[in-house]
2 protein chains.
Amino acid sequence: MPDGSGAARLGVLSRPGCVGLCEQCRIRGLAVCRALEPQALDELAALATRLELPAKKLLFDEGEPARSLFTLVEGVVKLYKALPDGRRQITGFLLPGDFLGLAHFTSYAYSAEAVTEVGLCRFPREGFLRLLERHPALERELLSRASSELAAAQEQMLLLGRKSAKERVASFLLSFARRQAMVGRELVALPMSRNDIADYLGLTIETVSRSIRAVEEEGLIRLVDRHHYRVVDPDRLRRAAAAG
Amino acid sequence: MPDGSGAARLGVLSRPGCVGLCEQCRIRGLAVCRALEPQALDELAALATRLELPAKKLLFDEGEPARSLFTLVEGVVKLYKALPDGRRQITGFLLPGDFLGLAHFTSYAYSAEAVTEVGLCRFPREGFLRLLERHPALERELLSRASSELAAAQEQMLLLGRKSAKERVASFLLSFARRQAMVGRELVALPMSRNDIADYLGLTIETVSRSIRAVEEEGLIRLVDRHHYRVVDPDRLRRAAAAG
DNA sequence: CCGAGCCCTTGATCTGGGTCAATGCCGGCT
DNA sequence: AGCCGGCATTGACCCAGATCAAGGGCTCGG
């Protein structure tokens, strides 16, 4: 259990209701971002409210006024954009510690939906932006996160524009394992549906299913069940993903 | 000709060698970003060196150590990522006023190449980062730019993952016209090759050619020559692009 | 423990866009 | 002006992945 200064260092995530979540946060959370002064963390904590949502619950919808920003504390969230006729593109899956809601304008540019049960910290937009002005270190952290998201988006454009179905699936399985720091034989959870994977990779569920099967039959991964796999041969998987 | 304080407001772009470029910059340049103190502008200006490149010249290559950051002053630059076997995905075209080179790590995550003759201001990475620390307003500007780039990247993922060839081409023609603030009947320049358009839209040159033709035959645009078009029917073009 | 419904997988067929193959055309050089 | 080389267009054909169509097997509620 963190003492007073420990609580300050863990910021918003060590508030009542967040106990037990600090493990992830220490690794990935906004609260422990480099060089953020205890002062800023306390102010962040004062601003935050805790939020829990069941799986499949919409967090916010594209075009809706952006009133809040969030850090994901627990569970998985998907971000997506949709066309009027219902075609969807999932632009990313968020894991605990990820930040969401930075809107360039005053409304969200994408929708966010809980994939699993999720726990979040919510920050009201106004207060957060004022806090941002007073704490350049926080702004730096956001800039750093935005540029790594941008790099990930560019990688995804390469995938969507130029990779074959099998390469897409291999890339996805590899990068998802990587994000959980599991490229060995540890079990990797795949909490989203085949439909979500398809909408993330620009494919159909049938093609996703067949491609996963193909990757498994080549011995690059081992499917434990629909929602769990092991990376069996990281090197060949990397090659099947056309580098990454 | 700007006086002393005018020169300061226009920052790096009103230095010797940049005369005559201020028109674009006043509209889009980094130098006039909101609320940037004259002090910061002068420091930026002191840091900048002017750089000219012919068309097709590589500015930097993916993976190369990121020693510089740039603002594009004149011409068009393309950013791309490539796979080992040569497949390419262009992730964006930059117009005057755009900023490039923000690398999350110490090496560039993509390549940058001049599409036309270009003029740039170059900032050495070290100096720029130090300057960033002293001027939160500059950092805010970069964050704002990064988030609008991110929104553009998400839009492009939707295009690459879910739109048909004709929708992609319509979206591209529309957004390119928009970025030049020309959605009426003004002539829009299309300086890049069909190959570049194909690599941007995740298509082949043949499909790009056929799709442009189709969009023209439906009377949505008028092709003046290979590198110039007019938007004839913005509304129907918007619909053909599946909204945008 | 059983049944219903929802995912998911697997198979058969179809098609949008890729590939291959001629031309056509423009711009630069002599 | 005329030629040359690279880019663009156009046409014929093909294939990866979409679509259509059956099952199969978790999961959850009763």
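So you know, we letter chains A, B, ... as the sequences are listed, proteins then strands, and number each from 1.
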Practice problem: Output all residues satisfying side chain to side chain contact (heavy atoms under 4.5 Å, CB included) with B:S148, sequence neighbours left out; order by chain, then residue number. | Solution: A:H104
Would you be so kind as to tabulate the donor-acceptor pairs closer than 3.5 Å made by side chains of residues 198-208 of chain A, with sequence neighbours excluded?
{"residue": "A:D199", "atom": "OD1", "partner": "B:R162", "partner atom": "NH2", "Å": "2.8"}
{"residue": "A:D199", "atom": "OD2", "partner": "A:R88", "partner atom": "NE", "Å": "2.9"}
{"residue": "A:D199", "atom": "OD2", "partner": "A:R88", "partner atom": "NH2", "Å": "2.6"}
{"residue": "A:T204", "atom": "OG1", "partner": "A:T207", "partner atom": "N", "Å": "3.3"}
{"residue": "A:T204", "atom": "OG1", "partner": "A:T207", "partner atom": "OG1", "Å": "3.1"}

Quiz item: Any donor and acceptor pair, going by atom type alone, linking the side chain of A:D85 with main-chain N or O of A:R87 inside 3.5 Å?
Solution: yes
Quiz item: Through what angle, rounded to 10 degrees, does the axis of the helix from C:dC1-D:dG30 to C:dT30-D:dA1 turn between its ends, using five pairs per end?
Solution: 40°
Quiz item: Once you round it to whole Å, what is the distance between P of C:dC7 and CD1 of A:I212?
Solution: 16 Å
Quiz prompt | Qualifying residues under ring-ring contact (aromatic ring centres under 6.0 Å, His included), relative to A:F176, sequence neighbours excluded | solution = A:F172
Quiz item: Can you name the side chain to side chain contact (heavy atoms under 4.5 Å, CB included) partners of B:E218, sequence neighbours left out?
Solution: B:K166, B:L220, B:R236
Quiz item: Given D:dC7, is OP1 or OP2 found less than 4.0 Å from the side-chain N or O atoms of B:H227?
Solution: no
Practice problem: Sorted by first residue and then second, give each ring-ring contact (aromatic ring centres under 6.0 Å, His included) pair with at least one member in residues 145-167 of chain B; sequence neighbours left out. | Solution: none
Quiz item: B:S171: what forms a side-chain hydrogen bond (donor to acceptor under 3.5 Å, both in side chains) with it, not counting sequence neighbours?
Solution: B:K163
Exercise. Mind calculating the distance between CD (B:E167) and P (C:dG16) to the nearest angstrom?
Key: 13 Å
Practice problem: With sequence neighbours excluded, tell me which residues meet side chain to side chain contact (heavy atoms under 4.5 Å, CB included) with B:L223. | Solution: B:R194, B:I212, B:E216, B:I221, B:Y229
Quiz item: Quick one: B:I205 CD1 to C:dC25 P, roughly how many Å, whole number?
Solution: 17 Å
Quiz item: Along nucleotides 17-24 of chain D, 5' to 3', which nucleotides get a B, which get an S, and which get a -, given that the test is a protein heavy-atom distance under 4.0 Å?
Solution: SSBB---B
Exercise. Measure from CG on B:L159 to C1' on C:dG17 and round the result to the nearest Å.
Key: 15 Å
